[in-house]
Structure formats: structure tokens, C-alpha cells
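The chains referred to below are lettered A, B, ... by the order of the sequence lines, with proteins before strands, and numbering in each begins at 1.
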Number of protein chains: 2
Amino acid sequence: MAKRVTLAEVAAQAGVSPITVSRALRRPDTVQPETRARIDAAVTALGYVPDPAARALATGRSDVIGVLIPSATNAVFTDVLSGIYDRLAESRFDVQYGITRYDPGTEESLLGVFLRQRPAGLIVAGIDQTAAARRLLDRAGCPVVQVMEIGADPVDMMVGFSHHDAAAAATRHLIAQGYRRPGFLGARMDPRTRRRFAGFRAEAEAAGIFDADRCETTETPSNVGMGAALLRGLLERRPDTDAVFCNNDDLALGALFEAMRLGRAVPGDLGICGFNDLEMMRAAEPPITSVRTNRFEMGARAAEMIRARLEGKDPGPALVDLGSEVQARRSTEGPS
Amino acid sequence: MAKRVTLAEVAAQAGVSPITVSRALRRPDTVQPETRARIDAAVTALGYVPDPAARALATGRSDVIGVLIPSATNAVFTDVLSGIYDRLAESRFDVQYGITRYDPGTEESLLGVFLRQRPAGLIVAGIDQTAAARRLLDRAGCPVVQVMEIGADPVDMMVGFSHHDAAAAATRHLIAQGYRRPGFLGARMDPRTRRRFAGFRAEAEAAGIFDADRCETTETPSNVGMGAALLRGLLERRPDTDAVFCNNDDLALGALFEAMRLGRAVPGDLGICGFNDLEMMRAAEPPITSVRTNRFEMGARAAEMIRARLEGKDPGPALVDLGSEVQARRSTEGPS
DNA sequence: TTGTAAGCGTTATCAG
DNA sequence: CTGATAACGCTTACAA
């Protein structure tokens with residue numbers, strides 16, 4: 001374990017005082033080019049790297065950008081992470097993640113953990129923080145971006161889309177394709193899922209074809225097997241259901257497999273629409289209609305907005321709607 | 001932004017010196033129960049939380065446990081992360097992730113980033129570090145666990161399984177089921193993939209049925225669509241192939257869909273075996289045979305081993321083989 | 001069992 | 001443009 005090279009040693013080597021080295025490193029234009037050159041030489045010669053802890057202690061600010069997401073295994077969030085990471089990888093900032101497990105209380109306490117590090121910025125998923133968490137965010141004293149969703153009353157900045165509208169668009173698509181007895185498959189039923197359900201319901205009601213008995217939901221987490229189980233339950237109760245809007249792509253895939261098992265032709269006997277448009281939707285047989293959401297981009301924009309603020313640049317509008325788009329495929333080509 | 005409550009303030013409130021508070025917090029048994037009670041009261045009254053930066057500066061050690069993985073979107077690694085997180089969530093340690101993007105150079109430089117924070121521990125995926133990275137790990141001065149794989153010459157501790165043997169077992173399964181012209185589908189071809197291929201090859205050669213022309217691989221990342229493309233390519237060249245061992249479950253799923261499109265019955269015309277045993281394998285139609293690897297457990301064990309070392313407990317054996325297990329399902333029931 | 005003194009590596013402040 | 005001085009909040013000696 002080689003001992004750390006300090007600012008003082010660099011200073012000695014360059015024949016200047018430590019504070020000058022510090023300045024040369026942080027704001028090169030504030031020191032004479034000639035001394036700066038000597039310092040740079042010393043830095044590389046000695047292999048100096050700053051100590052983040054000492055910096056944090058002296059400035060009362062860390063270079064940590066905290067990210068709070070519900071799950072580290074759900075592709076929806078990992079895509080957002082990739083976007084964040086992409087824009088922060090080459091910067092001086094370190095990303096630190098916290099997993100809330102969809103629990104507002106955990107989110108609240110993780111927020112506390114982050115805040116005590118005086119983060120440079122904060123990215124949180126969603127807009128459903130507890131009142132206490134909201135207060136913490138309001139006083140965070142750093143740029144905050146809420147991602148995944150947009151809504152009224154942002155803490156600071158926001159980048160996402162309307163889950164309600166996205167689901168409504170998918171539902172309109174099903175109706176436009178000729179399906180008249182559509183059902184809804186949903187799992188976990190977290191706030192975003194509920195808003196998607198609301199979008200489905202609103203559109204179905206507008207068309208006069210909403211039927212609460214065609215809505216099969218569960219509080220347990222969603223996966224492919226659950227999609228199959230939900231579809232089976234739905235069809236047992238309402239065998240004449242002719243399409244399903246699935247709350248996510250895992251459910252949709254499970255529904256497809258279950259339809260195969262039941263001998264229901266897709267899309268003729270049953271239309272299937274997913275949500276998120278994971279890559280596998282396109283590769284399935286038949287390819288499955290889904291709603292594309294710009295997850296990577298959401299993370300990337302969030303990171304950019306924080307960086308802009310931190311670096312004194314223009315972060316652009318505080319509220320960014322990245323929208324969504326129905327990707328129509330064969331699985332919803334219409335009833336036969 | 002409420003100003004920070006310091007140790008000194010707590011000390012004042014409790015009528016003791018700062019160092020006593022520090023001790024009471026870190027090793028409660030070294031202070032008189034009575035003073036400890038006064039201190040605890042003061043801590044809660046003031047809402048004191050320690051400053052990690054100050055602690056790190058004073059001790060030359062942070063509470064960060066660094067985790068290096070190739071990808072944040074691949075379910076294989078996110079499951080490991082979940083395991084790590086599960087065992088560290090309630091501890092004093094903070095997890096910090098770095099994504100290498102399967103690039104040894106990136107891994108090397110991220111290691112540098114972590115090391116300058118003097119991490120409490122390090123978890124790295126795989127055993128294929130560069131020589132320079134290896135040197136850094138050897139001198140890390142903290143517990144190090146290599147996960148996902150086991151091999152000779154561990155840096156410190158290791159928890160994983162043999163990818164070669166796991167693939168060999170899957171291949172034996174295919175042969176035992178009666179398949180005689182098995183092929184291999186592989187993407188990305190990172191070191192772990194190559195070792196799996198070697199396992200397939202060894203077993204196929206032992207049975208005298210290895211055919212290099214039945215091995216369809218690509219350097220590009222794997223996904224479901226790629227599984228379909230690879231299978232198509234393979235069958236064009238070798239239409240009589242009767243089974244495929246897929247390097248991972250995404251490829252297997254894509255192969256299944258492509259088989260449907262081509263009108264090849266699974267398992268009668270084509271046996272399909274995946275790798276990792278993601279949940280969807282069980283839910284597919286037909287259910288797809290795969291190799292179960294204990295990813296969550298790998299992460300959990302790695303975290304436990306580091307904690308044990310850090311807390312002076314017995315970490316158990318330094319090399320843990322969590323094995324793997326072929327989950328036989330209908331997709332490999334045998335040729336018709 | 002508790003306290004004193006000193007310092008961890010950096011930066012803010014104010015002089016020069 | 002550069003430097004001396006004093007923090008930042010905590011912990012490791014060592015002493016009492």
C-alpha cells in the first residue's frame with residue numbers, strides 16, 4: 001500500500017506553496033502559465049491524485065451524485081442508470097446508488113444517508129416521495145432531478161414523461177385496431193403503474209368499453225410467469241376478452257406464452273400490448289406491440305442538467321418531457 | 001440547508017469531551033454506561049450524524065465498498081448487485097459501483113478511482129484483470145473478493161463457479177437426451193463466454209461429435225434478436241443441427257422464437273438450452289432448459305466475507321464454489 | 001474510564 | 001499572482 005502523495009509534496013517539488021498547487025489544479029487560469037507548467041510536471045512526476053475526503057471536508061461538498069431508484073434488477077431503471085453513467089463517466093463526479101425497493105420509507109432514510117455526504121447532486125426516480133423526503137429534497141442544497149415521470153410541483157428539475165398519457169395512447173391503439181373488449185394486466189401496482197392503469201381506464205371509458213372485471217392485477221412484483229398467471233385468471237373470468245394492455249413487457253411476454261398454451265392465436269384471438277419496449281418485444285414471434293419510453297435518454301438528460309448547473313452553464317428548461325411512442329407490431333394487428 | 005451538528009456540540013451537550021463521544025459511538029463498551037446514556041441522549045436530541053469525509057480523512061479509510069461489474073443492464077450482474085446490497089444495506093458501509101463496459105482498461109482506471117478513496121473493501125467481477133489492475137488489487141490494502149468465477153491464483157477471496165464445468169454439464173445433458181448434432185450460439189465472447197465455449201467443446205469432443213461449423217458466434221453484445229439471427233445463420237450452414245447450447249438465456253429465447261418462425265418444433269426438431277436460468281426460462285412455452293447459477297448468493301456471500309474480515313470475524317474459506325445446476329425442461333426433451 | 005494534543009489533506013480568507 | 005494561517009470534523013496516539 002504505497003503511501004499517499006500529498007499536495008504539500010507536489011508543492012515542495014515545484015517550489016511553490018500548497019495553495020498554489022491547489023489553485024493550479026482547480027482553476028488553471030488563475031496561476032502564471034510558467035508556474036503552472038512546473039506544477040503539472042511535479043504532479044505527473046509524483047503521480048499525485050487528490051484525496052476526495054480531504055476535499056469534501058474542506059469544502060463541505062462532495063463530488064458524489066446520489067441516485068435513488070426502486071430496483072437494481074428492473075431493466076427500466078438500469079437503462080436510466082446507463083444514461084446517467086454515460087454522461088458522468090468522464091467527469092469528476094462519482095455516482096452513488098441507493099435502492100429503495102419501492103419503499104417510501106427506505107427512500108427517505110437513504111436520502112438521509114446521501115445528504116450527510118453533502119452530495120453535489122441528486123437524481124431520484126419518480127414523484128411520489130413522502131412528505132418528509134420531500135422536505136429533505138427541498139433543503140438538499142444541491143441540484144435535484146426527478147426522473148421517469150413528470151408532474152406538477154417539481155422539487156427542482158424534472159425529466160420524464162406522462163405514464164397516464166402513454167397508457168392512454170396504447171389503449172387508443174388497441175381500439176383503433178378493432179379490439180372492443182380489452183383488459184388490463186398489472187403487477188406491483190406502484191404509483192407509476194396506477195397512473196398507467198388510470199390512462200387505460202380513461203381511454204376505455206371514453207370509448208364506452210371499460211370493464212372492471214377485465215382488469216387483473218396483483219401487488220406482487222411482475223415477471224414473465226406472473227404475466228401468464230394473470231392472463232389465465234383474466235380469461236377464466238372473461239373468456240371473451242379480445243386484447244390485453246400489459247403494464248410492462250415481462251407481463252406481455254408471459255401473456256404471449258400463455259396464449260400459446262391456451263391455443264389462442266395472437267393477434268387474431270387476442271391482441272397483446274406491452275409497455276417499455278424492451279428489445280425482446282421486437283424479436284418475439286409474433287413481434288409484440290409496446291410503448292417506447294426513452295429511458296437511457298432520461299438518465300442522460302438528468303445527468304446533463306445537473307452537470308450544467310454545477311458547472312455554471314445553462315441547464316435548459318427545468319421540466320423536460322421526453323414523451324413516449326406506441327411501437328405497433330403484429331401482436332395487435334387486429335381481431336380476426 | 002441546516003448546518004451540520006458536530007461531535008463537539010454533542011460533547012458539550014453531554015458534558016464530556018469530543019473524543020469520548022467518538023468512542024461511545026464506535027465502541028460503546030469502552031465508556032461507562034452512565035456517560036454513554038448521556039451521550040446517546042445528546043446524539044438523538046441534536047440529531048447528530050457523523051461526517052463520513054471527516055472520518056475518512058482522520059482514519060485514512062472510507063466506509064465505501066467498491067464494486068466493479070461489466071454492465072449495469074445485464075441481469076446477470078444486477079442479480080449479483082442485489083445480493084451485495086442485501087447484505088450491506090443495514091451496515092455502516094456504502095456501496096459504490098463502477099461499470100467497466102467489459103473493457104479491461106476501464107476496469108483498471110475505475111480501480112484507481114476507487115483506490116484513491118481508500119475503500120473498506122472491493123468486489124470485482126471475474127478473474128481477467130489486466131496485469132496493472134492485478135497489481136493495484138494486490139496492494140489495495142483492503143479485503144478483495146473476485147466474484148462470478150473461480151480460478152487459480154486469487155487476489156484475496158473468491159466466490160463463484162466454473163463456467164467451463166457448467167457448460168460441460170449442459171452439453172452432457174443435451175447428449176444424454178439423445179441429441180447428436182449440437183451447436184453453440186455465443187455473443188460478446190468475453191472471457192467467461194469463451195470458457196463456457198471451451199466446456200461445450202471439450203464435452204462434444206469427448207463424445208466425438210464436435211463440429212466447428214456448428215458454432216455460431218459474434219463479438220457484438222447478446223440480445224434476443226441476436227439469438228434469432230445466430231440460429232438462422234447456423235441452420236443455413238448446418239440445417240441438420242438438432243440442438244443448440246446458447247451462451248445465455250437471451251440468445252436461447254431468440255433461438256426459440258426463430259425456431260417458431262422456421263417451423264422447427266422444439267424440442268423434437270431442435271433442442272434448446274440456455275444459460276443463467278432467468279425467470280422467463282421457466283415461463284416460456286415450451287419451458288426452456290437452462291443452467292442455474294447462484295447469482296444473488298454470489299453477491300451476498302462476497303459481501304458477507306468482506307464484512308466478516310472488516311469486523312474481525314471469521315470469513316470462512318477464501319474460495320467458495322457455489323456451483324451450478326442444469327435445470328432440465330421441455331425444450332430439451334429429446335429429438336423426435 | 002476519560003481527556004489532551006496533534007494531525008489527516010485540502011481549501012477559504014485575507015494579506016502581500 | 002502567490003502565500004500564510006486557520007479551519008473542516010474526526011480519530012490516533014499518549015497521558016492522567
Side-chain angles (χ1 to χ4, degrees), chain A residues 1-40 42-43 46-64 92 94 115-120 141, chain B residues 1-40 42-43 46-64 92 94 115-120 141:
Chain A
M1 188 72 196
K3 67 185 173 310
R4 175 174 286 284
V5 177
T6 72
L7 210 52
E9 303 177 53
V10 177
Q13 169 106 2
V16 296
S17 79
I19 186 63
T20 303
V21 177
S22 175
R23 273 196 282 255
L25 261 27
R26 285 175 303 150
R27 324 230 323 271
D29 50 304
T30 60
V31 321
Q32 206 118 29
E34 179 196 284
T35 47
R36 197 200 314 161
R38 283 215 313 287
I39 290 171
D40 287 348
V43 164
L46 266 36
Y48 168 77
V49 287
D51 180 336
R55 186 197 296 262
L57 184 57
T59 59
R61 238 329 130 228
S62 72
D63 282 343
V64 169
R92 68 186 172 91
D94 290 331
L115 252 18
R116 86 183 54 166
Q117 309 191 39
R118 312 227 181 185
Chain B
M1 188 70 197
K3 66 184 174 310
R4 172 173 288 284
V5 177
T6 72
L7 209 54
E9 302 177 55
V10 176
Q13 169 104 1
V16 295
S17 79
I19 186 62
T20 304
V21 178
S22 174
R23 274 196 280 256
L25 261 27
R26 285 174 303 147
R27 325 227 327 268
D29 49 304
T30 61
V31 321
Q32 206 119 28
E34 179 196 285
T35 48
R36 196 200 314 160
R38 283 214 314 286
I39 290 171
D40 287 348
V43 164
L46 266 35
Y48 169 76
V49 286
D51 180 336
R55 186 197 295 262
L57 184 56
T59 59
R61 241 322 135 229
S62 73
D63 282 343
V64 169
R92 68 187 173 90
D94 290 331
L115 251 19
R116 87 182 53 168
Q117 308 190 41
R118 312 229 179 184

In residues 49-60 of chain A, what donor-acceptor pairs under 3.5 Å come from side-chain atoms, sequence neighbours left out?
residue: A/D51; atom: OD1; partner: A/A53; partner atom: N; Å: 2.7
residue: A/D51; atom: OD1; partner: A/A54; partner atom: N; Å: 3.3
residue: A/T59; atom: OG1; partner: A/R55; partner atom: O; Å: 2.8
residue: A/T59; atom: OG1; partner: A/R61; partner atom: N; Å: 3.2
residue: A/T59; atom: OG1; partner: A/R61; partner atom: O; Å: 3.0

Which is true for A/R26 with a 4.0 Å heavy-atom rule: it touches a base, it touches only sugar-phosphate, or it touches nothing?
sugar-phosphate

Return the minimal non-hydrogen interatomic distance between A/V5 and A/Y48, and the atom names on each side.
O-CD1, 3.2 Å

Covered region of DNA chain D, 5' end to 3' end, by chain A [heavy atoms, under 4.0 Å]:
D/dC1 to D/dG9

What contact category does B/P18 fall into here, base, sugar-phosphate, or nothing, at under 4.0 angstrom with non-hydrogen atoms?
nothing

Output for pair (A/L7 CG, A/L46 CG), nearest 0.5 Å, gives 11.0 Å

Partners passing salt bridge (Lys or Arg N to Asp or Glu O under 4.0 Å) against B/D63 (at least two apart in sequence or in another chain):
B/R92

Examine distances only and state if a side-chain atom of B/R38 and a backbone atom of B/A14 form a donor-acceptor pair shorter than 3.5 Å.
yes

Testing B/T6, B/T35, B/I39 one by one against B/V21 for a side-chain contact (heavy atoms from CB on, under 4.5 Å), which residue passes?
B/I39

Please report how far the helix from C/dT1-D/dA16 to C/dG16-D/dC1 bends, comparing the axis fitted to its first five pairs with the axis fitted to its last five, to the nearest 10 degrees.
30°

How do A/R55 and B/R36 order along DNA chain C: which one's closest nucleotide is nearer the 5' end?
B/R36

Residue list, side chain to side chain donor-acceptor pair (under 3.5 Å) with A/S62, at least two apart or on another chain
none

Map A/I19 and A/L57 onto DNA chain C by nearest heavy atom, then report which one ends up closer to the 5' terminus.
A/L57

In terms of heavy-atom contacts, B/V64 and B/Q117 come closest through CG2-OE1, 4.0 Å

With a 4.0 angstrom cut-off to heavy atoms of chain B, pull out the first and last contacting nucleotide of DNA chain C, in 5'-to-3' order.
C/dT1 to C/dG9

